[in-house]
Every structure is written in structure tokens, then in C-alpha cells.
Amino acid sequence: MNPYAGLVSRLRAAWLAGRTRPMEYRVSQLEALGRFLDEKKKSIMDALAADLRKPCFEVEVSEVILCKNELNHALSNLSSWMKDEHVDRNLVTQLDMAFIRKDPYGMVLIIGPWNYPVQLILVPLIGAIAAGNCVIIKPSEVSSCVEKLIAEMLPSYLDKDCFAVVTGGVKETTELLENRFDYIFFTGNSSIGRIIMAAAAKHLTPVTLELGGKNPCYVAEDCDLQNVANRVAWGRFFNAGQTCIAPDYVLCSQETQEKLLPALRRAITEFYGANPQESPDFARIVSDKQFQRLQALMNGGCVAIGGQTDEKERYIAPTVLVDVSISAPIMQEEIFGPILPIVTVANVEEAINFINARERPLAVYAFSSNKKVLNEVLKQTSSGGFGGNDTIMHMTLITLPFGGIGESGLGMYHGKFSFDTFSHHRTCLLRYTGLEKLNEFRYPPYTQRNLALLSSTFEIKRKGSCTLL
Amino acid sequence: MNPYAGLVSCLRASWLTGKTRPMEYRVSQLEALGHFLDEKHQSILDALALDMHKPQFEAKLSETVLCKNELNYTLNNLRSWMKDEHVDKNMVTQLDMAFIRKDPYGVVLIIGPWNYPVNLLLVPLIGAIAAGNCVILKPSEISSCVERLMAEMLPSYLDRDCFAVVTGGIEKTTKLLENRFDYIFFTGNTSIGRIVMEAAAEHLTPLTLELGGKNPCYIADDCDLQSVANRLVWGRFFNAGQTCIAPDYVLCTLEMQEKLLPALHRAIADFYGANPQESPDFARIISDKQFQRVQSLMDSGHVAIGGQTDEKERYIAPTVLVDVPMSAPIMQEEIFGPILPIVTVANLEEAIDLINTQKQPLAVYVFSSNKKVVKQVLEQTSSGGFASNDTIIQTTLITLPFGGIGPSGLGKYHGKFSFDTFSHHRTCLMHLMDQEKLNTLCYPPYAQHNPESLLSTSEIRRKSTCNLL
């Protein structure tokens with residue numbers, strides 16, 4: 001018998017009892033989550049430091065504040081999000097109530113990754129709770145200190161009948177996935193994403209997959225290169241590069257590369273000092289396996305900046321590679337580390353072709369003072385999101401959806417998009433048994449006249465002029 | 001080599017040229033689809049008559065009028081749907097442009113069913129074209145006359161570089177699904193739905209599945225009997241019951257059943273005459289296989305009304321069964337034919353419990369003059385959609401989404417929901433090249449920053465009063 005069948009059963013019974021539906025309940029659970037974040041903040045910081053040597057400031061900015069913002073945004077808006085959405089009616093339904101009800105799905109499974117192990121588990125959890133679901137959370141075993149913290153400390157804040165934390169590795173996750181869930185939310189890499197979706201298919205479970213990819217970053221010739229270097233370096237080396245929406249590689253002309261390198265060097269020195277290994281502001285690689293993978297990738301080009309590593313600390317210096325071979329491993333897989341390859345192209349058209357010859361990434365970045373260039377790249381590429389003249393920031397604005405396309409994922413969340421992701425939008429039409437005479441036109445025996453009358457009551461005509469763009 | 005690889009390649013190449021993106025192009029293709037519906041109207045009606053003896057009234061109402069409505073609604077609104085959706089910004093992004101761009105997915109596959117073979121193929125097509133995609137259409141081989149019409153006549157109306165029709169059965173569909181699509185839209189039964197989702201998982205392709213289920217219809221004791229009977233009979237026997245959102249079975253008390261039966265008898269006689277086989281207004285079963293399947297389900301109970309069959313014509317009379325146990329075959333699968341079983345329950349609570357032990361259906365129906373009863377059924381059940389005091393009609397209001405939950409499907413469409421289904425909502429943030437001071441708030445060395453000042457620019461506070469419902 002499946003080891004998690006009992007747990008899933010228990011939570012499903014609580015779900016069927018309607019426990020998680022009332023707004024008061026959802027608010028109380030969300031507030032409890034807020035207290036967890038406040039009261040256990042120090043423990044969270046310590047766990048992240050132990051797992052990734054994540055600097056406190058980065059934890060504050062990318063884990064804690066983002067979660068608190070999502071919580072407050074959800075609590076401030078939950079009442080209006082939960083309301084039935086009334087829709088325009090046609091002639092036939094004039095006297096009816098026609099609306100969309102936001103129903104919870106039921107039992108949700110959230111599987112988190114190791115790079116932002118607090119944010120990427122709790123932000124989906126906020127959405128799932130807000131939408132009225134029961135939830136099983138599966139944090140990543142790779143960020144083991146955060147996994148332990150969440151398993152030991154989070155359950156006491158939430159209703160144990162409706163929320164549970166499951167720990168373990170591949171074997172446990174596979175067994176967990178054999179159970180039927182009503183929604184699965186997964187953040188991780190594309191190959192595991194495929195396995196998750198195949199498991200979901202057996203039960204026809206809807207999914208959101210937040211995956212990854214190689215996010216290209218085109219730098220035009222007309223830029224303020226120091227600003228570009230600052231923003232690209234910040235995006236690339238934050239969390240030692242272990243960020244799904246970090247700029248993965250740069251595309252620029254040879255001339256731009258010549259000017260960009262000293263600017264990057266300057267940015268790295270200003271951020272991390274002459275020896276970044278001594279900076280308290282630079283994280284470490286999460287595991288030996290990831291460290292070795294990254295170290296091997298450096299062979300894909302010539303080290304222009306950085307390149308130092310220290311296996312004991314799992315330290316890899318902020319590194320920039322040039323003369324990168326397109327066929328080298330570093331250009332075949334998502335880097336997910338503090339290495340930035342620069343690939344030279346003749347012009348923006350070549351850059352766009354380069355981008356379009358590859359799988360669609362989570363983000364496309366472009367730097368240019370010329371709006372036309374930015375719009376050209378936006379228009380001619382396809383990606384989860386797009387950032388012009390900055391990196392990463394688009395995911396911090398709560399009114400923007402966050403999600404991938406193709407290999408980089410499916411579905412989206414953040415803010416209201418989280419609530420919508422974890423809700424089933426149920427069409428509702430409430431009619432009356434009176435006024436039967438009106439219905440008679442649709443009944444057999446069928447006549448042309450009745451058809452004409454009926455059509456006229458719900459026919460949609462084309463408006464007179466359709467102004468083309 | 002996969003027999004469809006060349007075709008998919010070809011369409012993908014067209015997609016990459018950007019041909020389907022401009023609004024003028026989409027409008028021209030949609031208008032061409034409109035010409036197809038107008039010019040081939042008679043051929044469409046003839047094909048539907050040949051495939052399942054679909055009465056012209058039903059064909060016009062449920063196939064061509066609904067398609068024209070979707071076309072006109074789309075053409076009327078396309079411009080505004082295509083616009084970038086600007087979002088509220090926070091302090092950090094005040095000077096940025098923050099918006100959601102509606103990008104096409106690319107190459108879409110639409111697989112249609114046989115019961116409404118025109119509507120359920122073309123309405124998704126309208127959404128896919130409106131959203132700027134290339135499309136491969138796979139009509140059902142079971143409704144073979146409509147399949148032939150689509151394959152022979154439709155392509156000449158649309159741009160052959162970007163739209164294609166593929167014909168064939170299971171083997172060919174399987175081969176087609178081995179190719180990578182950017183979106184898959186499937187209407188059909190649950191078991192094939194699983195196969196489609198498994199195929200989609202190989203390529204991480206997002207999808208919409210419009211499946212089926214057993215749609216329960218609870219009839220309270222407080223109803224106007226003849227109105228109920230009319231609406232129930234209309235919903236159940238339209239298209240000889242071959243409708244995914246038809247009421248599948250009735251739940252009511254024994255007393256109600258006694259009163260309902262004569263009312264149902266009268267409605268059937270009013271609609272189809274004393275011998276429905278002679279009525280021009282009653283369809284036939286699509287195939288011998290379906291006929292035999294539906295015929296065998298009649299053994300599940302006692303025939304109270306109808307029960308006659310004619311294998312030569314694939315005619316099954318409008319039939320009502322009573323004394324149906326829940327364990328009977330007719331209660332184990334979606335009926336999809338003109339048989340209406342009545343299952344007796346003691347009261348409303350028992351009806352709701354019974355509904356909740358079954359899989360989540362495409363629709364839950366309730367007939368009652370008491371708003372509280374309607375509310376209770378709505379709140380205590382889960383389904384794709386819900387309607388009170390009528391059947392089916394909720395799918396004809398274009399402002400309401402149409403979709404299932406659990407085994408009845410995932411995703412939704414109709415009207416703007418179609419456009420949104422076939423669009424990728426791409427987050428875009430355009431920052432200024434200068435204004436570097438704002439960015440420096442995040443840069444290392446982190447010790448220079450006051451976390452409080454950072455908080456004030458990016459924090460979302462909880463609104464002071466949260467009005468509970």
C-alpha cells in the first residue's frame with residue numbers, strides 16, 4: 001500500500017467536510033503563516049545560511065519580504081478575489097443570475113526547489129490556502145536545513161488536519177505522486193517537470209510547472225555599459241547564480257564585449273571586493289554535485305574574469321567567460337551558477353535568430369537605450385517573461401504573472417494569479433422555473449419561425465466597423 | 001520517420017516567420033472561416049444529417065449559430081483582447097512600463113469529437129486563430145461525413161501555410177501526438193484524455209481537455225412539474241442524448257418520481273409525438289458500436305417510458321428508467337444517449353452525498369423554487385459548471401467559461417476565455433537605461449544598506465480592515 005495514501009485520505013476527508021472554504025478559516029491560516037515568518041525569521045536565516053551561505057540581505061529581500069508581501073497582498077484582497085464574478089448576460093438570460101464562482105480544487109500538492117527554498121514553497125502555499133484548498137508541501141531535500149525547519153516548525157502553525165509537510169528524496173516523491181491530487185504545483189528542472197506531468201496525467205490532475213532554461217541577455221551597442229554591467233552582474237551573481245530567472249548568457253557584438261568586460265570587472269569588484277571569497281555578500285553552491293557540475297562547465301570558454309574555485313567551501317568565484325564554444329556543455333544546459341558566458345553576434349537580428357533557434361526560456365533580457373530595439377527583441381522572441389534594461393526585477397512586481405512557456409514551464413502565479421491558479425472557475429447560471437413560455441421556442445416540434453425567433457434572442461452580430469490596428 | 005513531421009515542420013516554419021501575428025491576418029482568417037460557414041451551410045447541415053440524423057433546427061442552433069456567434073464576438077473584441085494589459089506598479093517600478101503581452105503559443109493541435117463535430121472543432125479554432133497561432137485540426141473520424149467536409153472544403157478558405165486538417169483514426173492520432181505542439185486542445189472522453197495528456201507531458205505541452213462525466217440533476221419536491229419536465233427532456237434528448245453537458249441522471253424522492261413520470265411522458269409526447277421514430281426532430285445514434293453500448297444500458301432498470309430501439313436506423317427512443325440501483329452499469333459510465341435513469345433519494349442531503357461519492361462531473365443541475373436549496377447544492381458539490389432550473393443553456397452564454405474539473409476536464413474556453421486559453425500571458429517590464437540610483441539600493445556590499453529603507457520601497461502592507469464576508 002502506498003505510504004502516503006493514509007495522509008492523502010485524511011486531508012481529503014477534511015476537504016470534503018468543507019473545512020478550508022470559509023474566508024475566516026483561510027485568513028486565520030494565512031495569518032498563522034505570517035507569524036511563522038516573523039517568529040522563525042532567525043531560524044530561517046540560519047537555515048539558508050547553512051544550506052547556501054545565503055547572505056542575510058539576500059534572504060530578507062528574496063525570501064522573507066517577498067513572502068510577506070504575497071501574504072499581505074492576499075489578505076488585503078481575499079474578500080474581493082473570493083467574490084462571485086457576475087458576467088454580462090444576453091437576451092435569453094436577462095432575468096437570470098450568471099456568474100463565475102471561485103471554487104477550491106481540493107487537495108493540492110506543492111513541490112519546492114532548493115534555490116529559494118522558503119519563497120518557492122510558501123508563495124504557492126499562500127495562493128493555495130487563499131483559494132481554499134488543503135495542501136501537502138514537499139520541500140526540497142537538497143536544501144536540507146530548510147527542509148528540516150519547514151517539517152519541524154511549520155506544521156505547528158497550521159491546521160494539521162488540512163496541511164502537511166512531507167520530506168524525502170526521489171523515491172518518496174515518486175510514491176507521493178502515485179496518489180491522486182486535485183492540483184500539482186511544481187518548481188524545479190524540466191526533466192523532473194516531465195515526470196511530474198506524466199504522473200499528473202494518470203489522474204488528469206491540472207498542473208503548474210515552473211521550470212528553467214537559458215535566459216539570454218542581449219546587450220546593444222548604444223548602452224550605458226556600467227549600468228548594464230551592474231544590473232547583469234547583480235542578476236547573475238545574486239544567490240551565487242542559482243536563480244531560475246538569472247541572465248544565463250550575454251549576446252553582444254565583439255566591440256561591446258571589449259567595453260563590457262572592464263565594466264563587469266568593476267561591478268564585481270565594487271560588489272564583492274577584490275577577493276569575493278572573503279565577501280560576506282556572496283553565496284555558495286548548494287551541494288557537491290552542483291559544484292562539480294559547474295566547475296566542469298567552465299571549460300566551455302576562456303576565463304576573462306574570476307574562475308577561482310574552492311571545493312571545501314563550494315565556492316565558485318563570479319566568473320565571466322569569453323570565446324565560448326556554442327556546442328560546449330555550458331551552452332547546452334541551464335548554468336544555474338555564478339558563470340556568465342558572453343557569445344558574440346554581429347547585430348540584433350543575429351541575436352534574435354540565436355535566441356529563436358533554442359528552447360523558449362523563462363526570461364529574455366535586452367539592454368538598449370533605443371526603445372525600438374527593445375520592442376524588436378520583445379516582438380520577435382518568445383519566453384515566459386521579458387525584461388528591458390534590467391534583470392530579475394519583473395518577478396518582484398506582484399501585479400505581473402510569473403511563469404514559463406514550452407520547456408521553461410506552463411501556468412503562472414504571484415498575487416492574484418496564484419489565487420486564480422488554485423481556484424476552479426465554475427460557471428453558474430441560476431434560472432427560474434417561471435416564464436416557461438419563453439422557453440417554448442426551443443422545444444420540438446421545430447419550426448423555421450421558432451428558430452428565427454430563438455436566434456434573434458441570443459445571436460451576436462458583428463459590429464459595424466472593425467477598426468484595424 | 002513520423003508521417004506528420006513534415007507537416008508540423010512546415011507550419012512551425014510559417015509560425016516562426018511571424019505570419020499569423022498581425023491583427024489584419026487574424027481578422028482575414030476569421031472572416032474566411034465565416035465565409036466557410038455561410039457558403040457551405042447546406043453542406044454542413046447535410047453532413048450532420050447523414051452522420052447522426054441531426055435535425056436542421058438542432059444543427060443550426062447548436063452548430064452554426066453558436067459558431068457564428070463566437071466568430072462575431074471575437075471579431076468585435078479582438079482588438080481590445082490583443083492590447084497589452086498594463087498593471088499597477090509599486091514604488092520601485094514607478095518609472096517603468098509594466099504590462100502583460102498576449103503572445104501566441106505557436107503551433108496548436110485541436111482534436112474534435114463526433115457529437116457536435118462542427119461546433120467543437122471550430123469554436124476552439126476561432127480562439128486559436130484569434131490568439132495568433134498556426135493550427136492543425138483533427139476532426140473525429142466517427143462523424144465521417146463532417147470529417148470529409150472539413151478535410152475537403154475548409155482548407156481552401158484558410159491559409160494553407162498556417163492551417164491544416166488531418167484525418168484518420170486512433171493510429172494516426174497517436175502518430176500525430178508524437179510531434180511537439182505548443183498547445184493541445186482535446187474534446188472527447190476521459191480515457192483518451194489521459195492518453196492525450198501523457199503525450200503532451202513528453203513535450204511539456206500545455207493543454208485543455210474537455211471531457212465528460214455523469215451530470216446529476218437533483219429535482220426538489222417544490223417544483224413546477226411541467227416546466228421541469230420540459231427542460232429536462234429538452235436537455236436529455238437533444239441530439240439523441242449525445243451531449244457532454246446533458247443531464248445524465250435524475251435524483252429525486254419517490255413521491256417526486258411518481259409525479260414526474262407523467263410530466264416527462266407528456267413532454268416527450270409534446271416534443272416528438274406518439275412515435276418519436278417518426279419525428280423529424282429526433283436524432284439518431286452515431287454508430288453501431290455506440291448504439292449497442294447504449295442499448296445494453298437499458299437493462300439497468302425498469303423502462304417507465306420509451307425503450308423501443310431500431311438497429312437499422314440506430315434509433316433509440318427517448319427512454320426513462322426507474323428502479324435503477326447505483327451499482328447498475330448505467331450508473332457506472334456516461335450514458336451519452338437518450339436514456340434518463342431516475343435514482344430515488346430520501347432528501348436533499350442524501351442527493352448531495354451521492355453526488356459527492358461520484359467523480360466530479362461537467363455539470364451539476366438542480367431544480368427547485370427554493371433559493372436555499374439551490375445554494376446548498378452549489379456550495380456542497382464540485383463540478384465544471386452549475387445550473388439551476390434548466391439544463392445545457394449555461395454553455396450558450398458567451399461570457400461564461402466552459403470547462404470541467406477532475407475527470408471531466410481541465411482548462412476552459414468560449415468567448416474571451418478561448419483567446420486567453422490560446423495565448424501565453426507574457427510578463428514585460430521595461431526599465432530605463434539610466435536611473436541607476438534606484439537600482440543601487442539592491443547592490444552589494446549589503447552592509448551599506450538600511451533594510452528598513454529598502455522595505456519601504458518594496459513592502460506591501462496589509463490593508464487595515466479586512467471585511468469578512
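Letters A, B, ... mirror the listed sequences (proteins, then strands); counts begin at 1. On a predicted model such as this, the values are computed, not experimentally measured, just so you know.
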Residue, of [options], that accumulates the most heavy atom pairs under 4.5 Å with chain A:
options: B:Phe57, B:Phe386, B:Phe237, B:Phe367; result: B:Phe57
options: B:Leu209, B:Val233, B:Ile405; result: B:Ile405
options: B:Phe402, B:Tyr443, B:Tyr73; result: B:Tyr443

Test item: [X] side-chain N/O and [Y] main-chain N/O as donor-acceptor pair under 3.5 Å:
X: B:His424; Y: A:Ser383; value: yes
X: B:Arg426; Y: A:Ile405; value: no
X: A:Arg194; Y: B:Glu202; value: yes

Measure A:Leu430 against the heavy atoms of chain B and call it side chain, backbone, both or neither at under 4.5 Å.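 Contact with chain B is through both the backbone and side chain of A:Leu430.
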Return yes if a side-chain donor-acceptor contact under 3.5 Å exists between A:Tyr446 and B:Gln56, otherwise no.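 There is no such pair between these side chains.
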Does any heavy atom of chain A fall under 4.5 Å from the side chain of B:Pro55, the backbone, both, or neither of them?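 The side chain, not the backbone.
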What part of B:Ala267 is in contact with chain A, defined as an atom under 4.5 angstrom from a non-hydrogen atom: side chain, backbone, both or neither?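 No part of B:Ala267 comes within 4.5 Å of chain A.
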Between A:Asn439, A:Asn450, A:Asp103, which has the largest tally of heavy atom pairs under 4.5 Å with chain B?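 With the most close heavy-atom pairs to chain B, the winner is A:Asn439.
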For the residue pair B:Glu379 and A:Arg21, establish whether any side-chain heavy-atom pair is separated by less than 4.5 Å.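 Side chain of B:Glu379 against side chain of A:Arg21, heavy atoms only: no contact under 4.5 Å found.
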Can you list everything that forms a side-chain contact (heavy atoms from CB on, under 4.5 Å) with B:Thr427? Sequence neighbours excluded, please.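 Result, side-chain contact (heavy atoms from CB on, under 4.5 Å) vs B:Thr427: A:His394, A:Leu400, A:Pro401.
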Charged N-O contact under 4.0 Å between B:Arg180 and A:Glu407: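 So B:Arg180 does not pair with A:Glu407 through a salt bridge.
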